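Worksheet for the structure shown next.
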There are 2 protein chains.
Amino acid sequence: MNAQSSIRPAAPVIAIVGATGAVGAELIACLEQRDVPLSALRLLASPRSAGQVVPFRGADLTIEALNDDSFEGVDIAFFSAGATISRRFAPLAVAAGARVIDNSSAFRMDEAVPLVVPEANAAALADHAGLIANPNCVAAIATVALAPLQQRWSISRLSLTTYQSASGAGAIAMEELRQGTAAALADTPFEPQVFPHPYAFNLFSHNAEIDPETGYNGEELKVIAETRRILGQPKLPIGVTCVRVPVLRAHSMAVTIRFEDHITPAQIRDCLAAAPGVRIVDDQATNHFPMPSEASGEDDVLVGRIRTDLGDPSGRSIAMFLSGDQLRKGAALNAVQIAEALLAVPA
Amino acid sequence: MNAQSSIRPAAPVIAIVGATGAVGAELIACLEQRDVPLSALRLLASPRSAGQVVPFRGADLTIEALNDDSFEGVDIAFFSAGATISRRFAPLAVAAGARVIDNSSAFRMDEAVPLVVPEANAAALADHAGLIANPNCVAAIATVALAPLQQRWSISRLSLTTYQSASGAGAIAMEELRQGTAAALADTPFEPQVFPHPYAFNLFSHNAEIDPETGYNGEELKVIAETRRILGQPKLPIGVTCVRVPVLRAHSMAVTIRFEDHITPAQIRDCLAAAPGVRIVDDQATNHFPMPSEASGEDDVLVGRIRTDLGDPSGRSIAMFLSGDQLRKGAALNAVQIAEALLAVPA
């Protein structure tokens, strides 16, 4: 525990960088809904958003333009404005005495920066030096369900195939999905601006750049690296396919887990039923399993379709299906939970 | 080769049972587009559709009500009206001398009935006794890409995770997706009739009944059994997760193939580039890979994202992503190709 983390006011001053984005709006909602104690909330964004007014706990907060002096007096700063902004301003915030919870990919693979999903590796928070990284949305949602299994049994391989929502690319992508779909239904032309492909009633491989050596895209490589870090298994073999589907704000994924031993679906179900942040939705009789429509707006990661993978002749693999809100557990909620964990640690 | 398959007129009389459905309409389109020789086309459907007029090659064809005597003089009958209709009427058609190509699941696992994807196992057609089964759409699309690999190398395991379109549940499901989505965009209530779950901007586990023993649903078990049959590998371990996504008429799937030996992505690409019915769409530089929007209305199965699976430490697994038109290669086109193969065999 370092000097920085011992500054711990009962009601901190909290700042949000990127307050007008999809994750920014969800951070404000999470702080409000969870009654996070704070003495002031500063909403920071680009100069073109400055002056906008946002309601919060009955008051009207005015968006301020982010600048080098924005962090004076700030105790906790959430960053959600992309890696470039984080690289430039997060060190200034730390220097001003704030603890920074960064939702960008800027520091996630920096060994000096803990990468934290509180349900999975809260202990990693003990070692921060002012900066904590919030994981990629797929890694965050997956590890809520994977960490309890990995803590109880030994995972030897993982496979993740995703069904990712528009929200991962921001509010503008959600709007593009809506507008493009309305145009498709009306049979009128629509030119996508955010994505390189039509999105209405379509899906496409995640548009992150492809690594020519592996053929994996940047999103898939993030998921692999971050999942390994959060689970504390730096060499775990993980196969990932990331696909964007026409869903607004919850990610789903088909997950196959190879264990060292034979674990039954019932053992998995029992373990996850007791796990924080997980809700089992696995009703075979009524065909009711995790869906984005039920995960959206929820804090829990929904887990179902738990069964032995018939593709592994050893019988040691379990298949399951998850849905989790990309804006909440995949981003804002996880960041707020990190802040709550920081605030809960006795000074 | 039996007596039946030697009846081979140059211009057969063709019948379509279920002519008003989504697959029926696509069968008519395929016969027209492919210039399949025929002397007459009889369109059969339920009594409530009788009397409707359908244009075909410049003429107007009138839908007739299906009855026990519908198959007199018919040489080839396509069935696409569900397993119950096929079980009742396909034997009558065969008895009347027709060769039946059945798109339902009724006879697919009957050892006496060949289950055929012409690109994969055309030789199986030699053994028919009047009835040929057209596979499940996922199995048909997958095996177009898998059979050439399996014929060249040895496949030891498969994993398929699907992104299935509305069309698999018929024209009524496509309409439900459109109407439900329009309602969601307008923020008005919509009660789904076809599916048990909301479909707009949502996805859900395939709604086929779950087998309590394995936890797999009926669709997944069909894909396993039929893929094994078409590939001629009755015990191949196959893991499948079938998911319905809000896409209108093309199925996509993430496929992982474990080979007995090390096969490189370049070898896979070369093999599939030469395979009939496959089009490689695998441009890493522009992030252009198989998508339903480009597979829809096309005959070829699009294959891309070909790479070594990082989840298999042996390095012997290849991951790839496919899209294929559910109504064409997944149903009508495959059936018409079977008819073409039957007509091409010398009498």
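Chain identifiers are assigned alphabetically (A, B, ...) following the order of the sequence lines, protein sequences preceding nucleic acid strands; residue numbering begins at 1 within each chain. Below, each value reflects all heavy atoms present in this structure, side chains not excepted, and no hydrogens, waters or symmetry copies. Since this is a predicted model, take the numbers as computed values, not measurements.
- For B/R328 and B/E298, the salt-bridge test fails: no basic side-chain N is under 4.0 Å from an acidic carboxylate O.
- When each of B/D211, B/T256, B/L158, B/V247 is checked for heavy-atom pairs under 4.5 Å with chain A, B/V247 comes out on top.
- Only the backbone of B/T162 comes within contact range of chain A, judged by heavy atoms closer than 4.5 Å.
- Heavy atoms closer than 4.5 Å to chain A are found nowhere in B/S159, neither backbone nor side chain.
- Listed by sequence position, A/P237, A/I238, A/G239 are the residues of residues 227-239 of chain A in contact with chain B, using a 4.5 angstrom heavy-atom cutoff.
- When all heavy atoms of A/N287 and B/S205 are compared, the closest pair comes out as OD1-O, 4.3 Å.
- For the pair B/W153/B/F259, a side-chain contact is recorded, criterion being any heavy-atom separation below 4.5 Å from C-beta on.
- Looking only at atom types and distance, the side chain of B/S165 has no donor-acceptor partner in the side chain of B/Q326 under 3.5 Å away.
- Looking at B/A208, only its backbone comes within 4.5 Å of chain A, counting heavy atoms on both sides.
- The contact between A/F321 and chain B is made entirely by side chain atoms (from C-beta outward), counting heavy-atom distances below 4.5 Å.
- Neither the backbone nor the side chain of A/R249 comes within contact range of chain B; no heavy atoms are under 4.5 Å apart.
- For chain B, the nearby parts of A/P246 are the backbone and the side chain; heavy atoms of each come within less than 4.5 Å.
- Ranked by heavy-atom pairs under 4.5 Å with chain A, the first of B/Q284, B/R178, B/H288 is B/Q284.
- Interface residue B/E220: only side-chain heavy atoms are found under 4.5 Å from chain A.
- For B/I224, the part lying under 4.5 angstrom from a heavy atom of chain A is the side chain only.
- In this structure, no portion of B/D282 lies under 4.5 Å from any heavy atom of chain A.
- Residue B/L203 touches chain A through both its backbone and its side chain, counting heavy-atom pairs closer than 4.5 Å.
- Of the two parts of B/R305, only the side chain, counted from C-beta on, holds a non-hydrogen atom closer than 4.5 Å to a non-hydrogen atom of chain A.
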